[in-house]
Amino acid sequence: MHKILIINGPNLNLLGNRETNFYGNTTLDKIKSLCEEQCKKHKIECVFFQSNHEGELIEKIHSVDNRFSGIIINPAAYTHTSIALLDALRASNKPKIEIHISNIYAREDYRRKSITSEAVNGVICGFGENGYVLAIDAIINLIKSKAND
Ligand code: DQA
């Protein structure tokens, strides 16, 4: 059974209370349930992870090896700052999707540049919590097309 890793960066543990104009009222626990439900539909497993620490996010990416078939990541603010996270993502040869709840291209200038997106197959942003569901569907397609290489 395929297993995917869903990684969430800093401050995403505050969803539900945090800037609801951008992120809505959903909580990270609700997003986790949504992801688990979608993975169940596709008969795959997912591991959901959140950390406020750059190093922990990097080490989680390092741990992927052959235990996971793909990575979905919302690097949160590290999207715009972290070359270290970019390098960790680059070092993994698994399919990778970056996701953002808000449309980062419709916000402040400093959010309009994603450093980490250079290392991923594609980016989904601006669809709220549903972006995670879209990312799961998309990563399954990438995993399947990789298997048929
Ligand atoms: C975010 C967008 C980032 O700019 C921000 O720092 C976040 C959340 C999003 O999901 O929309 O923390 O990644």
Side-chain angles (χ1 to χ4, degrees), residues 2-42 44-64 67-143 146:
H2 284 296
K3 199 161 150 186
I4 60 170
L5 178 61
I6 304 175
I7 302 177
N8 293 282
N11 301 307
L12 292 171
N13 55 314
L14 302 179
L15 287 177
N17 294 316
R18 173 188 177 214
E19 296 186 280
T20 51
N21 51 325
F22 288 119
Y23 306 120
N25 293 311
T26 196
T27 62
L28 198 61
D29 269 352
K30 282 192 202 142
I31 292 179
K32 181 176 184 234
S33 305
L34 205 60
C35 289
E36 286 169 349
E37 218 174 277
Q38 190 66 6
C39 285
K40 217 172 174 181
K41 276 190 205 155
H42 287 290
I44 65 164
E45 269 179 58
C46 68
V47 168
F48 201 84
F49 177 79
Q50 190 273 333
S51 174
N52 294 320
H53 305 276
E54 191 174 18
E56 280 183 12
L57 297 167
I58 290 168
E59 278 167 8
K60 201 68 185 174
I61 296 167
H62 291 175
S63 79
V64 164
R67 298 190 301 124
F68 294 95
S69 307
I71 304 172
I72 294 171
I73 183 163
N74 183 346
Y78 288 134
T79 306
H80 319 294
T81 62
S82 180
I83 295 171
L85 211 50
L86 166 67
D87 287 347
L89 288 167
R90 273 203 180 135
S92 160
N93 62 0
K94 302 292 173 192
K96 290 160 288 221
I97 293 180
E98 178 173 313
I99 184 248
H100 299 284
I101 296 166
S102 63
N103 179 358
I104 57 172
Y105 300 102
R107 298 184 60 188
E108 303 93 329
D109 277 351
Y110 55 82
R111 290 188 207 275
R112 292 187 190 171
K113 163 102 183 128
S114 165
I115 289 177
T116 45
S117 64
E118 272 181 47
V120 299
N121 297 77
V123 181
I124 293 171
C125 81
F127 295 97
E129 62 183 359
N130 192 45
Y132 284 81
V133 174
L134 299 173
I136 290 168
D137 290 351
I139 206 146
I140 286 167
N141 277 323
L142 290 173
I143 293 167
K146 201 174 160 128

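Every number for a ligand or one of its atoms is a count from 1 in the order of the listing.
In this structure E56 satisfies the side-chain hydrogen bond (donor to acceptor under 3.5 Å, both in side chains) test together with S51, sequence neighbours excluded. Scanning for side-chain hydrogen bond (donor to acceptor under 3.5 Å, both in side chains) contacts around S92 gives an empty result, with sequence neighbours left out.
The neighbour count for K146 NZ, taken as heavy atoms of other residues, nucleotides or ligands under 6.0 Å away, is above 12.
Using a 4.5 Å heavy-atom threshold, the side chains of I143 and K94 count as separate.
For ligand 1, the protein residues within 4.0 angstrom (heavy atoms only) are R18, Y23, N74, A76, A77, H80, H100, I101, S102, I104, R111.
For the residue pair E98/T79, the side-chain donor-acceptor check at 3.5 Å is not satisfied.
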Without placing hydrogens or testing angles, list every side-chain donor-acceptor pair under 3.5 Å for residues 119-136, not counting sequence neighbours.
residue	atom	partner	partner atom	Å
N121	OD1	K96	N	2.8
E129	OE1	T26	OG1	2.6
Y132	OH	N8	OD1	2.6
Y132	OH	N74	ND2	3.3

